Amino acid sequence: MRLEAKNVSFRYNERSPWILREVTVTVEEGERVGLIGPSGYGKSTLLRLMGGYLKPASGEILLDGKPLEKKGISPVQLIYQHPEKAINPRWKMKKVLEESGMFREEVMEALGIEKEWLGRYPRELSGGELQRFCVARSLFQGTHFLLADEMSTMLDVITQAQIWNLMVKEVQERNIGLLMVTHNKALAKKVCTRCIDLREQGGR
Ligand SMILES: Nc1ncnc2c1ncn2[C@@H]1O[C@H](COP(=O)(O)OP(=O)(O)OP(=O)(O)O)[C@@H](O)[C@H]1O
């Protein structure tokens with residue numbers, strides 16, 4: 001499988017500047033790609049486009065040569081920097097996980113998710129605790145590509161390592177393609193098989 005942004009241009013509205021111009025980025029299954037570039041260059045915007053959350057002004061987002069399907073849980077999963085924006089505030093965590101069909105003991109354990117947290121609402125968890133649920137949820141069985149947007153910036157070093165160890169193990173075992181935005185060079189070196197610099201790809 002292959003996820004690609006093909007000649008994608010984007011701006012937030014007609015009066016705002018172009019954020020991306022004719023950007024082409026391809027991620028194959030099993031690859032772990034780091035997306036780097038200065039602040040404001042459009043890294044998060046590109047991830048949102050590739051996850052189907054924004055529409056390009058021109059160009060295409062293709063999964064195996066076809067546009068992303070709008071129905072059902074997407075095989076392309078986006079993990080945000082801010083987990084509180086990604087989770088329904090009215091659902092308890094158990095329901096959040098059940099909705100995605102993601103309930104593997106070993107993933108919960110590897111992520112340090114405590115059973116007792118399942119009975120809580122999102123507002124009753126810390127940002128780091130909530131992010132572990134977002135990671136767990138993103139790893140449901142239909143996932144083929146993961147887009148991680150500085151997902152571990154808010155976490156302490158030990159939790160970061162815990163989450164990335166699990167992530168790399170899962171994507172390797174399941175041949176998932178990973179595209180991650182990070183400002184942390186050491187992390188990119190540890191996790192990624194290659195890096196793309198948006199300055200060389202038509203980011204502004
Ligand atoms: N919803 C929005 N409406 C209008 N402009 C936006 C919106 N979101 C982002 N932008 C602008 O688009 C540009 C690219 O933002 P983006 O978040 O994609 O950059 P980034 O490379 O991920 O930055 P950082 O490394 O700081 O997270 C910025 O100038 C930002 O101000």
Side-chain angles (χ1 to χ4, degrees), residues 3-27 31-63 67-68 70 74 76-89 122 126-135 137-138 143 145-157 159-161 163-164 167-168 171 176-204:
L3 177 67
E4 45 182 341
K6 208 169 167 186
N7 299 321
V8 163
S9 298
F10 181 83
R11 58 180 169 174
Y12 278 94
N13 60 60
E14 279 173 14
R15 268 164 285 139
S16 79
W18 288 97
I19 309 293
L20 302 168
R21 286 196 199 95
E22 309 247 324
V23 171
T24 295
V25 167
T26 304
V27 184
E31 268 197 312
R32 302 189 299 278
V33 182
L35 184 62
I36 56 171
S39 182
Y41 256 67
K43 302 181 295 297
S44 299
T45 304
L46 181 59
L47 254 56
R48 278 184 237 140
L49 283 157
M50 291 179 83
Y53 290 92
L54 293 173
K55 266 179 91 74
S58 62
E60 295 171 292
I61 306 298
L62 301 171
L63 180 64
L68 293 176
K70 294 211 174 71
S74 176
V76 182
Q77 287 286 309
L78 178 63
I79 306 171
Y80 290 92
Q81 190 174 2
H82 302 288
E84 66 284 357
K85 291 185 189 162
I87 284 189
N88 186 336
S126 76
E129 289 164 356
L130 207 52
Q131 190 63 305
R132 295 172 214 224
F133 280 96
C134 290
V135 172
R137 183 176 66 165
S138 74
T143 301
F145 287 91
L146 277 173
L147 309 171
D149 192 357
E150 295 186 77
M151 69 166 191
S152 57
T153 323
M154 59 163 26
L155 307 171
D156 64 82
V157 186
T159 311
Q160 259 195 43
I163 289 188
W164 277 111
M167 205 59 154
V168 172
V171 297
I176 291 172
L178 171 73
L179 182 62
M180 67 181 279
V181 170
T182 183
H183 289 281
N184 181 340
K185 287 212 177 87
L187 180 66
K189 208 170 155 202
K190 198 161 163 251
V191 171
C192 299
T193 49
R194 68 180 169 102
C195 277
I196 296 173
D197 189 333
L198 205 47
R199 275 171 296 192
E200 294 158 14
Q201 299 290 330
R204 67 175 177 162

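Note that the structure is predicted; figures quoted are calculated from it, not measured. Numbering of ligands and ligand atoms starts at 1, following listing order.
Once rounded to the nearest 0.5 Å, the distance linking CG of L46 with CD1 of I19 reads 12.0 Å. In this structure, L63 CG and L3 CG are separated by 6.0 Å, a value rounded to the nearest 0.5 Å. Atom OH in Y53 sits 13.5 Å away from atom CD1 in I61 (nearest 0.5 Å).
The shortest separation from a heavy atom of S16 to ligand 1 is not under 4.0 Å, leaving the residue out of contact. Not a single heavy atom of G37 sits closer than 4.0 Å to an atom of ligand 1.
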Checklist entry - What do the steps show when you test V76 against M50 for side chain to side chain contact (heavy atoms under 4.5 Å, CB included), and what is the final call? => result CA-CA 8 Å; V76 182; M50 291 179 83; 5.7 Å; no
Checklist entry - Between S9 and W18, is a side chain to side chain contact (heavy atoms under 4.5 Å, CB included) present by the stated rule, with each step listed? => result CA-CA 7 Å; S9 298; W18 288 97; 3.9 Å; yes
Item to check | side chain to side chain contact (heavy atoms under 4.5 Å, CB included) assessment of F145 paired with E31 | outcome: CA-CA 10 Å; F145 287 91; E31 268 197 312; over 6 Å; no
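When the heavy atoms of G40, S44, G42, P17 are ranked by distance to atom 22 (O) of ligand 1, first place goes to S44.
Of all the heavy atoms of I19, the ones lying under 4.0 Å from any atom of ligand 1 belong exclusively to the side chain. Here P38 has backbone heavy atoms under 4.0 Å from ligand 1, and that is the only part of it that gets that close. Contact annotation for E150 and ligand 1: only side-chain heavy atoms (C-beta onward) come within less than 4.0 Å of the ligand.
Here the side chain of R32 pairs a donor or acceptor atom with the backbone of V191 at under 3.5 angstrom.
Close contacts of ligand 1 with Y41, meaning ligand atoms under 4.0 Å from a residue heavy atom, involve 19 (O), 21 (O). Proximity to H183 (heavy-atom distance under 4.0 Å) selects the following atoms of ligand 1: 25 (O). Within ligand 1, the atoms closer than 4.0 Å to a non-hydrogen atom of T45 are 14 (C), 15 (O), 16 (P), 18 (O), numbered from 1 in the order shown.
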